[in-house]
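Report on the structure given below.
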Amino acid sequence: MVLHTIDSGSLRITIDEVGAELSSLVDRAGRELLWQGRSVWKRRAPILFPIIGQMPGGILHYEGVSYPIGQHGFARDQSFEASDADGRSILFTLVDSPETREKFPFRFRLAVLYSVSEATLTVTTTVTNTDSVPFSASLGEHPAFVWPLVEGIARDTHVIEFAKPEPAPIRRIVDGLALVDSQPTPVVGDTLALDDALFVADAVIFDQLASRSVRYSAPGAPCIVVSFPDFPILGVWSKAPGEFVCIEPWFGMTAAQGFSGEYSEKPHQFVLEPDGSRKFTYSVTIEQPAP
């Protein structure tokens, strides 16, 4: 584990070179707001690439060849190279290797820039196709925030408020794959009340999302605003008895039950032509409670 820290004075961020994974998010009051990877789920904020979720049977099919690929791809377990650190920003880079091409048969560069300004963390991930052929891929963020936000505040007072009403149906997952049929949204107006029972059926997936930002809050606690202008899908997930909630901006999602096509036919992915790049930005802003 090699850790790097950046600090704005209002926000101190630590990132692990393995997975370029956000490992700590401490506000100006010294409160750790990121789940610290204990007990029921050992990760904290993995980057999901080149897939989100699973492929049926754990196999990616490309031009008649089968490539074994695990849940959420492989970026979260790879060592990134850190560079360009200046105290308030740092860049992490991963390029393809013989190991990655056994799972995802393309050449690529994945660059993750973390920067802090006052009480906001901004994460910009650039995916570049360095191959001679087009490829499709998915990218997901998976930060886990503490639940409760402050010790002693009841967990059932926590909510996620969407920037807009979210009446559209949601998707659910069984055995790692998305159910084909949608289900009624648990959001009432613009508010999702958090409760362990919500996650018995795994993640809540908003694949017809109107909002591009959410507020995670509870009375008397700091508020976490997550903005994700470049991500059309949001996953919200927890796992009892872990005291965390994941707010996950996605471009892409797990394969649906019954999907058996070529990887390029999988819905919700982005496509990069040779030498093409695409940037994805999300931010986390901490708003302090009123005195």
Side-chain angles (χ1 to χ4, degrees), residues 18-21 41-43 45-81 92-112 125-142 171-182 201-203 205 207 231-235 237 239 246 248-278 280:
V18 175
E21 182 173 4
W41 190 59
K42 300 296 185 182
R43 299 182 188 268
I47 295 171
L48 317 181
F49 176 84
I51 67 169
I52 295 168
Q54 299 184 26
M55 298 296 295
I59 299 296
L60 182 156
H61 298 284
Y62 176 69
E63 294 190 343
V65 180
S66 297
Y67 298 88
I69 189 165
Q71 184 181 30
H72 295 324
F74 49 74
R76 62 183 184 170
D77 297 317
Q78 298 288 312
S79 292
F80 284 63
E81 180 181 350
F92 294 85
T93 305
L94 174 70
V95 297
D96 63 278
S97 66
E99 177 189 357
T100 67
R101 290 193 296 275
E102 290 178 357
K103 305 170 185 178
F104 181 69
F106 305 103
R107 297 182 181 274
F108 66 87
R109 181 171 62 254
L110 187 64
V112 186
T125 301
T126 304
V127 185
T128 302
N129 180 353
T130 58
D131 213 320
S132 59
V133 297
F135 67 67
S136 56
S138 296
L139 178 76
E141 308 290 352
H142 201 310
R171 302 284 292 278
R172 286 289 199 174
I173 298 171
V174 173
D175 296 329
L177 301 177
L179 294 172
V180 174
D181 294 331
S182 58
D202 210 300
I205 301 174
D207 65 337
F231 296 86
I233 298 174
L234 187 72
W237 177 72
K239 186 175 183 180
C246 296
E248 309 179 35
W250 295 345
F251 199 116
M253 58 182 282
T254 193
Q257 290 185 332
F259 177 77
S260 59
E262 282 269 306
Y263 177 67
S264 60
E265 299 170 341
K266 181 174 176 287
H268 305 296
Q269 301 185 111
F270 59 90
V271 177
L272 290 178
E273 298 294 328
D275 298 320
S277 294
R278 185 158 182 168
F280 303 86

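- Side-chain contact between Phe270 and Arg278 is present, with heavy atoms from C-beta onward closer than 4.5 Å.
- Atoms NE2 and CE, from His61 and Met55 in turn, are 7.0 Å apart once rounded to the nearest 0.5 Å.
- Ring geometry, Phe231 versus Phe280: the interplanar angle falls from 30° to 60°, so the pair is classed tilted.
- More than 12 heavy atoms of other residues, nucleotides or ligands sit less than 6.0 Å from atom CZ of Arg172.
- Between the side chain of Lys266 and the backbone N or O of Met253 there is at least one donor-acceptor pair closer than 3.5 Å.
- Heavy-atom neighbours of Glu81 CD from other residues, nucleotides or ligands within 6.0 Å: at or below the threshold of 12.
- Separating the CG atom in Leu234 from the SG atom in Cys246 is a distance of 11.0 Å, to the nearest 0.5 Å.
- Ile52 and Gly252 get closest at one heavy-atom pair: CD1-O, 3.5 Å.
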*Report the C-alpha distance between Phe108 and Phe135 in whole Å, list the side-chain angles of each, state the deciding distance to 0.1 Å, and finish with yes or no for ring-ring contact (aromatic ring centres under 6.0 Å, His included).*
CA-CA 9 Å; Phe108 66 87; Phe135 67 67; 7.2 Å; no

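- Distance alone, capped at 3.5 Å, is enough to place a donor-acceptor pair between the Thr254 side chain and the Gln54 backbone.
- Using a 4.5 Å cut-off on side-chain heavy atoms (C-beta onward), Pro274 and Asp131 make no contact.
- A salt bridge links Asp77 with Arg43; the closest basic N to acidic carboxylate O contact falls under 4.0 Å.
- Between the OG atom of Ser136 and the CZ atom of Phe106 there is a distance of 6.5 Å, given to the nearest 0.5 Å.
- To the nearest 0.5 Å, atom CG of residue Asp202 and atom CG of residue Leu177 are 11.0 Å apart.
- Rounded to the nearest 0.5 angstrom, Glu21 CD and Ile47 CD1 are separated by 8.0 Å.
- Among all heavy-atom pairs drawn from Tyr67 and Glu102, the shortest one is CD2-O, 3.4 Å.
- The minimum heavy-atom distance linking Gly73 with Pro50 is given by the pair CA-CD, 3.9 Å.
- When atom types are taken as modelled, the side chain of Gln269 and the backbone of Tyr263 share a donor-acceptor pair closer than 3.5 angstrom.
- Taken to the nearest 0.5 Å, the NE2 atom of His268 stands 5.0 Å off from the CD1 atom of Ile233.
- The neighbour count for Arg107 CZ, taken as heavy atoms of other residues, nucleotides or ligands under 6.0 Å away, does not exceed 12.
- Across all their heavy atoms, Ala178 and Arg171 have their closest contact at CB-NH2, 3.8 Å.
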*Decide side-chain contact (heavy atoms from CB on, under 4.5 Å) for Val133 and Tyr62; before the verdict, give the C-alpha distance in whole Å, the side-chain angles of both, and the deciding distance to 0.1 Å.*
CA-CA 12 Å; Val133 297; Tyr62 176 69; 4.1 Å; yes

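- Here the shortest heavy-atom pairing between Asn129 and Pro134 reads ND2-CA, 3.7 Å.
- Thr125 approaches Val112 most closely through the heavy-atom pair OG1-CG1, 3.8 Å.
- Within the 4.5 Å cutoff, no side-chain heavy atoms of Phe49 are placed close to those of Leu94.
- Shown are Val18, Leu110, Val95, Thr93; of these, the side chain to side chain contact (heavy atoms under 4.5 Å, CB included) with Phe80 is made only by Leu110.
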